[in-house]
Trainee: 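One structure, as structure tokens, below. Some questions next.
Quick caveat: nothing in here was measured; it's all calculated off a predicted structure.
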Amino acid sequence: MSKVFIFAGTTEGRKLFELLKANNISCTVSVATDYGANLLSGNSKCKVLSGRMSKEEMLSAVKKSKCLCLVDATHPFALEVTAQIKLVCKELGIKYVRLLRDIDEQKDMSDSLLLFDSVKSAAEYAKDKKGNIFVTTGTKDLSTITETIKDTSRIFARVLPVEDSLLKCIQSGLCEKNIVAMQGPFSSFMNEAMFRETKTKFVITKESGAAGGFEEKIIAAKNCGAITLVVKNPESKSRGKAQKSYSYSETVRLLEKILERKIAFSAPKIILASIGPGGSGLLTKEVCDAVQDADVVFGANTILSNPLFGGKKKINSYLFSEVDEYLQNHPECENPLVAFSGDGGFYSGATAFARECQGKYSSSVLPGISSVNYFSAKIGSPWQDWKLLSMHGKYCNVESFVKSNQKCFVILSGKKDLRDLLERLVIAYKNKIIPEVKVTVGFNLSREDENITCINIDDSRRLKSSSFSDFLPLQKEGLYSVLIERQSLPDLKFNAGIKDDLFCRKKIPMTKRDVRLIILNRMSLSENSIVYDIGCGTGSVTVEAALIAKQGFVYAMDKNKEAVELTKMNLANFGISNAEVVQKTAPDGLCQFPVPDCAFIGGNSGNLKDIIKALLKLNPLMRIVLSAVTLETLCTIKEAVSLFPVCDLDFTQVSISHTEKLGKYNFVKAENPVWVVSFSGFAGEKKSGS
């Protein structure tokens with residue numbers, strides 16, 4: 001006994017059979033050819049029948065199966081077969097379910113696409129027109145076409161690579177060189193190659209939907225200047241139909257009700273495909289194959305406009321949360337693909353997406369050609385010595401990297417990023433922070449409107465221009481990449497511990513160099529750190545922290561207006577752009593900054609307990625360092641820290657002495673002792689009194 005009987009003439013029918021088999025539901029599937037049967041594998045509960053059936057044979061097979069319902073998943077153009085199946089169901093009193101693939105309405109009804117009610121009427125139209133005809137309607141209607149168009153040398157037919165199909169082509173009058181025996185699916189690129197090779201002027205096809213590669217044919221024909229003659233689907237919604245039909249997912253849900261059991265879909269594996277800079281010629285075969293297998297494609301609109309995705313169901317989204325929501329609502333989607341520009345390993349959203357997939361979905365990243373590779377080859381400059389940076393949706397302290405690297409490559413989000421970067425480079429040049437540089441700007445690399453131009457930031461006339469618009473060679477919105485090349489050797493690499501006399505000090509207290517080095521060490525800074533400097537004073541810690549955290553940012557704060565102005569002055573003198581200073585009394589204003597990794601508290605105005613509490617609320621695991629020059633301050637620190645869950649608590653007294661020359665003698669001069677206190681938070685419970 002089979003609970004479900006399927007007549008499968010489409011991909012959806014075969015998918016349904018495999019799904020029922022995976023759920024251990026007894027079923028029988030009938031396909032018209034041995035070729036179709038070879039695509040399926042049965043077992044003791046799931047049987048595969050091969051061969052075309054008459055109504056009597058259908059009646060016998062369905063009756064023998066004792067099924068609860070019958071699913072008609074035959075081709076939408078197989079009207080006679082559908083009519084026979086309906087009669088069988090009516091005679092046996094079996095529930096009939098019509099599984100019909102979705103047919104997307106073609107919006108571009110231009111001269112390159114014409115609609116017909118039948119294959120014969122499409123052939124009649126092309127009969128007296130000049131040019132070759134490429135037929136993709138299968139062998140069933142081929143004789144109708146060759147009987148209408150007597151000059152069969154004009155006709156090229158693409159059919160399945162099986163003996164029966166080849167025999168029907170020859171019987172219809174086609175010579176061997178006009179037969180393309182291949183199994184799909186076919187991408188628009190593959191179709192276009194075939195149409196160009198055969199000098200096609202007309203393509204005869206059926207309105208077969210995404211599963212039949214309908215849009216891929218239309219796109220390819222339009223690119224070749226050919227006209228597509230479309231035979232309308234007789235069961236399309238636009239023509240109306242008496243019998244209700246169901247989509248694939250609707251059919252599964254209906255079967256759940258009939259069988260009174262849950263049908264589980266296979267867990268999807270998400271493909272994260274990198275499509276390179278955007279040009280169609282730079283796509284890898286691996287990515288093209290993955291797109292062919294995908295049942296839905298996610299990505300930004302600019303990416304989805306690529307012809308590669310023609311004919312696919314497209315969703316304008318690339319955020320994990322949105323993709324996850326869609327997959328939860330569409331469990332039938334077993335092969336989702338998320339497309340990203342560039343290479344999956346170079347500042348790509350694919351990396352973060354794959355990380356979010358962990359524990360919920362299996363995923364795989366397909367690499368692509370990066371803009372670095374492409375730009376390097378285009379301008380003839382090897383990229384092994386480039387410093388690779390990104391301003392694409394993030395801040396980057398480019399000036400700092402230009403100071404210490406001969407060549408810096410930066411990817412940008414758009415025109416605004418380019419304008420901001422050039423303005424920053426001009427300011428840095430005028431302030432003698434960076435030397436003369438040549439900026440090579442790449443716009444929409446690998447695409448039809450690609451543009452590459454150079455700008456030299458050394459022109460005094462341009463630097464004095466009140467309007468920056470005349471400085472920009474490109475005004476279009478799009479994707480930009482730049483290569484910044486110094487015209488002189490790079491500066492020496494920065495070493496922590498700037499001499500105290502290089503800072504502007506006035507009457508504001510300053511954390512001295514040797515103590516500053518210990519503080520920087522205890523903060524455990526990295527290149528990407530987000531740092532708070534509370535009670536920044538002269539800004540000496542702010543400056544040194546910003547130079548270490550090149551890809552991060554430092555947020556400085558002081559209640560004293562003079563200290564804030566002095567810190568700003570020192571930041572400008574050292575060419576620091578990844579730091580911001582505000583006049584506030586902590587903890588007020590801390591919540592306006594991004595979550596910190598570490599903080600230095602040089603002054604607290606009696607608010608130490610509240611400051612620590614606010615910091616640990618922002619990041620319970622952050623690193624905090626404090627300094628004290630009096631025993632009273634040290635006791636205050638010790639008391640405040642005892643109220644919070646901390647680890648790695650350390651109290652270090654620093655006593656520094658320097659030599660001072662007086663006459664012919666070197667005297668040892670001691671600095672005031674300083675206490676450096678450091679600790680990290682941890683996700684424990686607060687102690688009593690906090």
Side-chain angles (χ1 to χ4, degrees), residues 1-53 58 61-62 64-78 81-82 84-86 88-89 92 94-103 184-185 208-213 233 235 243-269 293-296 313 327 329-336:
M1 175 182 176
S2 293
K3 292 185 177 181
V4 182
F5 196 106
I6 306 169
F7 280 97
T10 60
T11 303
E12 292 85 352
R14 294 192 292 272
K15 280 179 62 178
L16 180 61
F17 174 74
E18 295 294 347
L19 178 64
L20 296 178
K21 185 175 69 171
N23 280 268
N24 200 30
I25 297 173
S26 60
C27 57
T28 299
V29 63
S30 172
V31 292
T33 64
D34 290 337
Y35 181 82
N38 290 334
L39 299 175
L40 301 168
S41 59
N43 58 30
S44 59
K45 297 186 70 173
C46 301
K47 299 178 181 179
V48 180
L49 305 179
S50 174
R52 290 182 172 84
M53 297 183 185
M58 285 183 185
V62 175
K64 184 178 180 181
S65 72
K66 299 180 181 179
C67 61
L68 298 177
C69 70
L70 186 149
V71 178
D72 178 6
T74 58
H75 198 280
F77 287 83
V81 176
T82 291
Q84 290 178 345
I85 293 172
K86 288 181 179 179
V88 168
C89 288
L92 296 177
I94 295 173
K95 172 73 175 175
Y96 173 84
V97 179
R98 179 60 166 137
L99 196 172
L100 190 63
R101 64 174 50 157
D102 294 330
I103 304 295
S208 54
N233 173 20
E235 291 187 297
Q243 177 66 49
K244 178 174 175 57
S245 63
Y246 299 89
S247 67
Y248 177 72
S249 57
E250 289 172 339
T251 299
V252 174
R253 296 302 166 228
L254 182 58
L255 290 179
E256 286 184 328
K257 292 181 180 179
I258 295 171
L259 302 177
E260 296 181 344
R261 61 163 292 178
K262 180 73 174 175
I263 299 176
F265 290 93
S266 301
K269 177 179 180 180
D293 294 337
D295 40 30
V296 61
K313 182 174 181 61
L327 295 179
N329 293 329
H330 297 80
E332 74 280 3
C333 180
E334 298 178 352
N335 298 297

Trainee: Report the distance from atom CG of Asn24 to atom CG of Asn43, rounding to the nearest 0.5 Å.
Mentor: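 Going from CG on Asn24 over to CG on Asn43, the span is 7.5 Å.
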
Trainee: Walk me through it: do Lys21 and Ser41 pass the test side-chain contact (heavy atoms from CB on, under 4.5 Å)?
Mentor: CA-CA 9 Å; Lys21 185 175 69 171; Ser41 59; 2.8 Å; yes

Trainee: So do Val29 and Leu20 actually touch side chain to side chain, heavy atoms under 4.5 Å?
Mentor: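 Leu20 does not reach Val29 side chain to side chain.
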
Trainee: Any side-chain heavy atom of Met58 within less than 4.5 Å of one from Val81?
Mentor: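 Heavy-atom side-chain distance check passes, below 4.5 Å.
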
Trainee: Rounded to the nearest 0.5 Å, what's the gap from OG on Ser249 to CD1 on Ile263? Could you check?
Mentor: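 Rounded to the nearest 0.5 Å, the OG-CD1 separation comes out at 12.0 Å.
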
Trainee: What I'd like to find out is whether the side chain of Val4 reaches to under 4.5 Å of the side chain of Cys67, using heavy atoms alone.
Mentor: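 They are not in contact (no side-chain heavy atoms under 4.5 Å apart), so the answer is no.
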
Trainee: So that I can tick it off, tell me whether Glu12 and Lys15 are bridged by a salt bridge, with the cut-off set at under 4.0 angstrom between side-chain N and carboxylate O.
Mentor: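 No salt bridge links Lys15 with Glu12.
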
Trainee: Rounded to the nearest 0.5 Å, what separation is found between the OG atom of Ser245 and the CG atom of Asp72?
Mentor: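 With rounding to 0.5 Å, OG (Ser245) is 10.5 Å from CG (Asp72).
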
Trainee: Quick check: closest heavy atoms across Phe5 and Ser30, and the distance to 0.1 Å?
Mentor: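 Closest approach of Phe5 to Ser30, heavy atoms only: CE2-CB, 4.0 Å.
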
Trainee: With side-chain contact (heavy atoms from CB on, under 4.5 Å) as the criterion, how do Glu334 and Asp295 come out once you've worked through the C-alpha distance, each side chain's angles and the decisive distance to 0.1 Å?
Mentor: CA-CA 7 Å; Glu334 298 178 352; Asp295 40 30; 4.2 Å; yes

Trainee: With heavy-atom distances below 4.5 Å as the criterion, would you say the side chains of Val296 and His330 are in contact?
Mentor: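 Not in contact.
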
Trainee: Short question: side chain of Lys3, backbone of Ile25 - any donor-acceptor pair under 3.5 Å?
Mentor: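 Between the backbone of Ile25 and the side chain of Lys3 there is no qualifying donor-acceptor contact (under 3.5 Å).
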
Trainee: Going by heavy atoms in the side chains, are Arg98 and Val71 under 4.5 Å from each other?
Mentor: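 Heavy-atom side-chain distance check fails, nothing below 4.5 Å.
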
Trainee: Got a second to check how far Phe265's CZ is from Asn23's CG, nearest 0.5 Å?
Mentor: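 So the gap between those two atoms works out to 8.5 Å.
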
Trainee: Apply the test side-chain contact (heavy atoms from CB on, under 4.5 Å) to residues Thr28 and Lys64: give CA-CA distance (whole Å), side-chain angles for both, the deciding distance (0.1 Å), then the verdict.
Mentor: CA-CA 11 Å; Thr28 299; Lys64 184 178 180 181; over 6 Å; no

Trainee: For a 4.5 angstrom cut-off between non-hydrogen side-chain atoms, does Glu332 reach Val252?
Mentor: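 Counting from C-beta outward, Glu332 and Val252 never come under 4.5 Å.
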
Trainee: Could you go through Tyr248 and Leu19, starting from their C-alpha distance and side-chain angles, then the distance that decides it, and tell me whether this counts as side-chain contact (heavy atoms from CB on, under 4.5 Å)?
Mentor: CA-CA 11 Å; Tyr248 177 72; Leu19 178 64; 3.6 Å; yes

Trainee: Can you name the closest pair of heavy atoms from Pro268 and Leu327 and give their distance?
Mentor: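 Closest approach of Pro268 to Leu327: CG-CD1, 4.4 Å.
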
Trainee: In Å, rounded to the nearest 0.5 Å, how long is the span from CG of Leu16 to OG1 of Thr11?
Mentor: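 Atom-to-atom, Leu16:CG and Thr11:OG1 are 12.5 Å apart.
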
Trainee: Do Tyr96 and Thr82 come close enough that some side-chain heavy atom pair is under 4.5 Å?
Mentor: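 Sidechains of Thr82 and Tyr96: in contact.
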
Trainee: CG/Leu255 to NZ/Lys262 distance, rounded to the nearest 0.5 angstrom?
Mentor: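 Between atom CG of Leu255 and atom NZ of Lys262 there are 13.0 Å.
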
Trainee: Evaluate the side-chain proximity of Leu92 to Leu70: yes if any heavy-atom separation is below 4.5 Å, no if none is.
Mentor: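 A side-chain contact under 4.5 Å is absent here.
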
